[in-house]
Each structure stands twice: as structure tokens, then as C-alpha cells.
Asks: 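Supplied in C-alpha cells, the structure appears directly below.
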Amino acid sequence: MVKVRFLLVICLVVLMTGCVGHNMALTRGQNNIDVTKKSVALLSVKISNQCNPKYQLDIMGSLICPQSERCGHGAVRHYHKTDSSHKIRSVENSFNEYLLSYELESGPYNFHSIGAAHDQSGISGGGSVPLNFKLEIKPNSVMYLGYLDIVMRKMKNNSEIRAGRIGPPWQQNPVVGAYTGTYDVIVKDNFEEDMKLFISEYPALQKARIGKMILPQWIIPENRPAD
């Protein structure tokens with residue numbers, strides 16, 4: 001799996017410190033949410049591959065670092081892993097949707113990126129969606145960050161950032177389209193609809209007081225080497 005290969009590559013980069021990361025904050029069946037020590041941030045994400053709709057992308061994880069630390073792809077301890085249990089909707093040749101949840105200490109953060117890939121029937125490819133959102137996590141709270149609509153589309157010119165690379169660590173297959181594609185990201189406040197979905201999947205949220213802290217609008221990053 002691309003997710004496994006991606007994590008293995010990161011582990012090799014930080015071999016001396018060990019490979020660690022975080023699971024999503026919420027799991028199906030839990031009875032309560034404890035925010036006495038850490039807060040929980042909620043985010044819904046729709047992701048689609050318009051380069052080649054036959055090969056839709058799955059979300060592998062999110063990189064969220066304290067602003068006091070350098071945040072790049074070697075910061076494994078700040079990587080929040082995602083798996084298929086967090087996918088709530090999949091439309092063939094169109095898109096996938098996820099409900100994501102992050103357990104974070106209070107303070108300022110850089111939401112660096114989301115890892116996305118396709119890996120089925122021997123066809124693999126993907127890349128990192130550059131976000132670079134600044135956010136402030138309040139103590140002892142459950143906060144809704146918003147709804148991300150992520151689209152991988154064909155690059156218009158070389159000034160746009162490439163969605164993926166050919167070869168390791170991604171093991172790109174050009175047919176997926178990441179090497180010739182780039183990302184567009186739209187942030188929305190979809191609170192009412194998203195809360196129905198979150199509570200349906202994670203009933204413990206019914207007991208929680210949920211605030212809103214919508215992420216800022218996405219700024220197209222400069223075309224420069226990734227961290």
C-alpha cells in the first residue's frame with residue numbers, strides 16, 4: 001500500500017528517533033470525549049482526481065505541527081494517520097469524502113499538509129497537498145475547522161506546484177496524474193451538515209459542546225522545493 005510505503009520512507013528518515021504518529025482522535029463506538037488534557041479538532045474533506053477520474057485519491061494522513069517547530073515531511077511525530085474507517089462516502093470516478101479528527105494540545109499550529117494517494121490493482125501514485133494553514137487550538141475544547149474541497153487537476157503551466165513526483169518515495173504511476181497535476185483547495189463552513197455526519201459516525205459528540213474555528217482561505221503556494 002502507498003500509505004505503508006509512505007510511512008516506511010518517513011521512518012527511515014527519522015530512524016534514530018523512531019517512527020511515531022497519531023491516530024485520529026475519534027473512533028467508532030467510544031462513549032465519551034475527554035478534553036481535560038487535549039482538545040479535539042474536527043475537519044471534513046472531499047478529495048477528487050480530475051486528472052484521471054478512474055483513479056480517485058485516498059487520504060493517508062495530515063501533518064500538523066506547533067508553530068514553534070519546523071514543519072516538514074520529517075516531522076513524523078506530528079503526523080496524524082488516516083485509514084479507510086474514516087471514509088464516509090466514495091463515488092466512483094468522482095470523489096472520496098472523509099471525516100477527520102485530531103487530538104491536539106492548546107496553542108498555535110501550522111496545518112502543513114494532507115497526504116493523498118491512489119493505490120489499487122497495482123496502480124500507485126499521489127502526493128502531498130500543501131495547506132500551510134495557521135490555527136490556534138483553544139484549551140479543553142472540541143472545535144470544527146471546516147470543510148475542505150480538494151481537487152487534483154492538470155497543471156496549466158510550470159509555475160504551478162506539481163502534485164506528485166515520479167519514482168520513490170511515491171512509486172508514481174503516471175496514469176494517476178499526480179506528476180502532471182496540481183491541487184486546488186477551497187475552505188467552506190459546512191457546520192450544520194457536517195455535524196450531522198460527525199454525530200452519526202461518532203455519537204459521543206452528542207454530549208460535546210462544539211465550537212467553530214473555520215480555517216482561513218487557502219493561499220496558492222509558491223512553486224519552490226517542498227520542506
Side-chain angles (χ1 to χ4, degrees), residues 2-27 33-45 47 58-83 86 98-117 126-148 150 161-165 168-170 182-183 185 187 211-227:
V2 166
K3 182 186 292 185
V4 174
R5 288 198 295 266
F6 175 73
L7 289 174
L8 285 174
V9 169
I10 293 180
C11 289
L12 290 173
V13 173
V14 290
L15 185 61
M16 297 305 294
T17 58
C19 182
V20 294
H22 305 276
N23 294 320
M24 292 285 100
L26 301 179
T27 57
I33 298 175
D34 183 5
V35 292
T36 57
K37 296 181 179 179
K38 294 184 179 181
S39 296
V40 173
L42 308 175
L43 179 69
S44 64
V45 181
I47 188 164
D58 286 309
I59 293 176
M60 302 180 299
S62 309
L63 190 57
I64 307 175
C65 303
Q67 288 184 22
S68 60
E69 300 184 24
R70 185 178 184 276
C71 198
H73 294 300
V76 185
R77 64 186 180 280
H78 300 306
Y79 186 76
H80 297 257
K81 297 171 286 187
T82 305
D83 60 42
H86 307 110
Y98 286 79
L99 295 180
L100 309 180
S101 57
Y102 311 105
E103 188 176 52
L104 299 166
E105 295 181 354
S106 61
Y109 284 85
N110 175 20
F111 196 140
H112 181 275
S113 56
I114 282 178
S128 179
V129 184
L131 298 176
N132 295 313
F133 293 129
K134 299 296 188 291
L135 66 153
E136 180 82 25
I137 298 296
K138 297 180 180 179
N140 313 114
S141 62
V142 180
M143 303 297 298
Y144 169 72
L145 302 182
Y147 171 96
L148 298 187
I150 301 173
I161 290 181
R162 205 176 300 277
R165 305 183 183 96
W170 294 104
T182 189
Y183 292 109
V185 181
V187 180
K212 285 202 300 183
M213 185 179 58
I214 306 301
L215 293 168
Q217 286 302 313
W218 185 66
I219 298 174
I220 299 174
E222 297 179 4
N223 189 4
R224 58 184 177 81
D227 291 340

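These numbers come from a predicted model, not from an experiment.
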Asks: Which distance, rounded to the nearest 0.5 Å, do you find between the OG of Ser106 and the CG of Asn140?
Replies: 7.5 Å
Asks: State, with a plain yes or no, whether a side-chain heavy atom of Phe111 is found less than 4.5 Å away from one of Ser62.
Replies: yes
Asks: Is Lys138 atom NZ crowded by more than 12 heavy atoms from other residues, nucleotides or ligands, each under 6.0 Å away?
Replies: no
Asks: Where is the tightest heavy-atom contact between Ser101 and Val40, given as atom of each residue plus distance?
Replies: CB-CG1, 4.4 Å
Asks: Can you tell if the side chain of Asn110 reaches within under 4.5 Å of the side chain of Ile64, non-hydrogen atoms only?
Replies: no
Asks: Is it true that a side-chain atom of His22 and a backbone atom of Arg77 form a donor plus acceptor pair closer than 3.5 Å?
Replies: yes
Asks: Please check this pair: side chain of Trp218 against backbone of Leu148, looking for a donor-acceptor N/O pair closer than 3.5 Å.
Replies: no
Asks: A side-chain contact here means heavy atoms from C-beta on lying under 4.5 Å apart; do Leu145 and Met213 qualify?
Replies: yes
Asks: Would you compute the distance between atom OG of Ser128 and atom CG of Leu131 and round it to the nearest 0.5 angstrom?
Replies: 7.5 Å
Asks: Taking the side chain as every heavy atom from C-beta outward, state whether Arg162 and Thr182 have any pair of such atoms under 4.5 Å apart.
Replies: no
Asks: Tell me if the centroids of the rings in Tyr102 and His80 come within less than 6.0 Å of each other.
Replies: yes
Asks: Output the distance between atom OG (Ser113) and atom OH (Tyr183), rounded to the nearest 0.5 Å.
Replies: 10.0 Å
Asks: Under the criterion side-chain contact (heavy atoms from CB on, under 4.5 Å), I'd like the reasoning laid out for Ile219 against Asn132: C-alpha separation, chi angles, the key distance, then a yes or no.
Replies: CA-CA 8 Å; Ile219 298 174; Asn132 295 313; over 6 Å; no
Asks: Should the heavy atoms of other residues, nucleotides or ligands under 6.0 Å from CD of Glu105 be counted, would the total exceed 12?
Replies: no
Asks: In the structure I gave you, are the side-chain heavy atoms of Pro216 and Phe133 within less than 4.5 Å of one another anywhere?
Replies: yes
Asks: So which heavy atom on Tyr144 is nearest to which on Ser44, and how close?
Replies: OH-OG, 4.4 Å
Asks: Stepwise, does the salt bridge (Lys or Arg N to Asp or Glu O under 4.0 Å) test hold for Lys37 with Glu103?
Replies: CA-CA 10 Å; Lys37 296 181 179 179; Glu103 188 176 52; over 6 Å; no
Asks: From Leu26 CG over to Leu99 CG, what is the distance, rounded to the nearest 0.5 angstrom?
Replies: 9.5 Å
Asks: How long is the straight-line distance from CG of Leu100 back to CG of Leu42, given to the nearest 0.5 Å?
Replies: 9.5 Å
Asks: Report yes if the side chains of His78 and Leu63 come closer than 4.5 Å at any heavy-atom pair, otherwise no.
Replies: yes
Asks: What's the separation between atom OG in Ser39 and atom CE in Met143, rounded to the nearest 0.5 Å?
Replies: 8.5 Å
Asks: Would you indicate whether the side-chain heavy atoms of Ile59 and Ile114 approach each other to under 4.5 Å?
Replies: yes
Asks: Check whether any side-chain N or O of Gln67 sits under 3.5 Å from a backbone N or O of Pro108 as a donor-acceptor pair, and report yes or no.
Replies: no
